[in-house]
Amino acid sequence: EGAKSSALSAIATASGELGDASAAQPVLTQALTVAEQIEDEGAKSSALSAIATASGELGDASAAQPVLTQVLTVAEQIESEGAKSSALRAIAMAYGELGDASAAQPVLTQALTVAEQIESEGAKSDALSVLIEIGYALPVVNYRQDLLAAAAVAASREATFRPMVELAALYAQQRQWGKALAVLYRCRESEKIVGLARILTAEAEHKNLHLIPGALVIPRGAQGVNVLGQPSDYQFEVTVQSHDENCERYADWVEVLTPDGMLKGRQVFEQPHDVNAQNDFTFAATISGLDLQADEEVVIRSHFHGDYVSGDDPLLDSVLRERGGMRETYVRGGYTDQALRGSVAEGFRSVRLSRQYAQWLENDEPLPQWETCQDKIS
């Protein structure tokens with residue numbers, strides 16, 4: 001059954017890379033039918049996770065929705081809680097890539113219900129943490145708040161503390177101190193220490209953006225960005241901060257998008273930038289041809305090619321490790337959680353977003369030609 005799971009995973013991966021949702025959907029549906037018959041729950045979970053991931057890569061919520069709904073139905077029947085948690089995480093991450101909030105809402109709500117039924121603290125904690133992260137990235141404010149509140153209640157009811165710390169950190173980044181502290185109230189002392197450290201870190205980063213890891217867009221001047229041109233053809237001059245090292249680790253683009261995740265413009269960088277004379281790791285970038293109106297709200301953010309930070313999970317103690325289902329380390333790359341938000345008329349200010357916010361844009365053109373980076377430097 002392990003061989004069958006591996007074959008299904010390979011088929012799912014290939015289907016997700018087809019770039020043709022109508023052709024891929026029946027293949028994924030058939031793969032799901034075969035996966036459902038696998039008796040070994042670890043092998044079944046691996047196949048389900050691959051199918052869910054491939055569905056997210058389709059970029060078509062209408063094609064992915066029925067597949068993901070059925071994946072969730074099959075995952076719910078898995079008795080192994082670690083295997084069930086893995087499948088739930090893959091389903092949630094798939095919706096993070098699809099970027100369709102209306103399609104995500106019913107499935108994420110059902111996934112939360114399934115996660116609540118998991119008894120293992122480690123497996124439940126991991127599933128809830130990912131659901132919180134993806135839920136926080138949804139552009140529908142009311143639903144996002146409801147999902148986060150429900151996840152907090154579920155975590156608090158079962159004394160599953162890791163998601164509560166993650167949620168406290170998210171509230172702190174939005175400067176909602178009361179909510180952040182309230183979430184930590186029922187945590188164990190060890191988690192409270194980590195949570196309070198994250199709250200203090202969020203406050204320090206608010207006062208000094210340069211402390212935030214990753215590729216940042218730093219406000220410049222009274223308006224936050226320098227705006228040239230006219231409505232329907234604006235040009236934004238921005239300041240990007242990034243600790244570029246080489247072709248494997250550097251800021252590879254800066255972009256403008258709408259709050260609901262539609263790409264409006266992007267400037268790609270084909271090679272790392274030299275440190276400027278001030279040694280502050282900043283450089284100027286221009287995004288041209290922006291079809292915007294003066295009062296139209298947009299988000300400006302940067303992207304990092306490679307990993308910008310990694311480390312050991314401070315919430316993973318020996319007890320949780322023994323209970324399983326937890327990831328011992330973290331690695332972050334791509335979009336960071338800092339951006340500028342505003343309009344030409346009102347100006348732009350720095351905000352904190354979910355790292356999963358509009359993540360599907362990572363696959364949109366234009367993209368850098370990373371493979372030629374070294375040639376250009378040479």
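Source: prediction; values computed, not measured.
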(Q) As an exercise, state the distance from CG of L32 to CD of Q37, rounded to the nearest 0.5 Å. (A) 10.0 Å
Q | Test item: Q369 side-chain N/O and E371 main-chain N/O as donor-acceptor pair under 3.5 Å | A | no
Q) How would you list, by chain and number, every residue that makes a side-chain contact (heavy atoms from CB on, under 4.5 Å) with A172, sequence neighbours excluded? A) W177, A180, I199, A202
Q: Please confirm whether the backbone N or O of Y171 pairs with a side-chain atom of K179, one donor and one acceptor, at under 3.5 Å?
A: no
Q.
Holding to side-chain hydrogen bond (donor to acceptor under 3.5 Å, both in side chains), I want the full list of residues that pass it with Q293, two or more places apart in sequence or in another chain.
A. S232
Q. With a cut-off of 6.0 Å (strictly less than), are more than 12 heavy atoms of other residues, nucleotides or ligands near CZ of R175?
A. yes
Side chains of residues 208-227: which donor-acceptor partners sit under 3.5 Å, not counting sequence neighbours?
residue : atom : partner : partner atom : Å
N208    : OD1  : H210    : N            : 3.2
H210    : ND1  : Q241    : OE1          : 2.2
Q223    : NE2  : V344    : O            : 3.4
N226    : ND2  : E237    : OE1          : 2.5

Q.
Could you work out, with side-chain hydrogen bond (donor to acceptor under 3.5 Å, both in side chains) as the rule, every residue matching E205, not counting sequence neighbours?
A. R352
Q.
Suppose we screen for ring-ring contact (aromatic ring centres under 6.0 Å, His included). Which residues come up paired with F269, at least two apart in sequence or across chains?
A. H273, F283
Q.
My understanding is that only residues two or more places apart in sequence, or in another chain, count here; which of them pass ring-ring contact (aromatic ring centres under 6.0 Å, His included) with F348?
A. F236
Q.
Which residues pass the salt bridge (Lys or Arg N to Asp or Glu O under 4.0 Å) test with E189, not counting sequence neighbours?
A. K192
Q | Any residue meeting side-chain contact (heavy atoms from CB on, under 4.5 Å) with V268, in chain and number order, not counting sequence neighbours | A | W253, R266, E270, P366, P368
Q. Quick one: does E41's side chain have a donor or acceptor within less than 3.5 Å of a partner on I78's backbone?
A. no
Q. For E79, does the CD atom have more than 12 heavy-atom neighbours from other residues, nucleotides or ligands under 6.0 Å away?
A. no
Q.
Please list all pairs meeting side-chain hydrogen bond (donor to acceptor under 3.5 Å, both in side chains) that have one or both residues in residues 48-59, counting only residues at least two apart or in different chains.
A. none
Q: Return each pair, listed once, that meets salt bridge (charged side-chain N to carboxylate O under 4.0 Å, His left out) where at least one residue sits in residues 294-306; pairs must be two or more places apart or across chains.
A: E255-R301, E297-R341
Q | Residues that E362 engages under side-chain hydrogen bond (donor to acceptor under 3.5 Å, both in side chains), provided they are two or more places apart | A | H303
Q) Who passes side-chain hydrogen bond (donor to acceptor under 3.5 Å, both in side chains) against S62, sequence neighbours left out? A) D60
(Q) Assess, by modelled atom type and distance only, whether the side chains of S350 and Q338 contain a donor and an acceptor separated by less than 3.5 Å. (A) yes
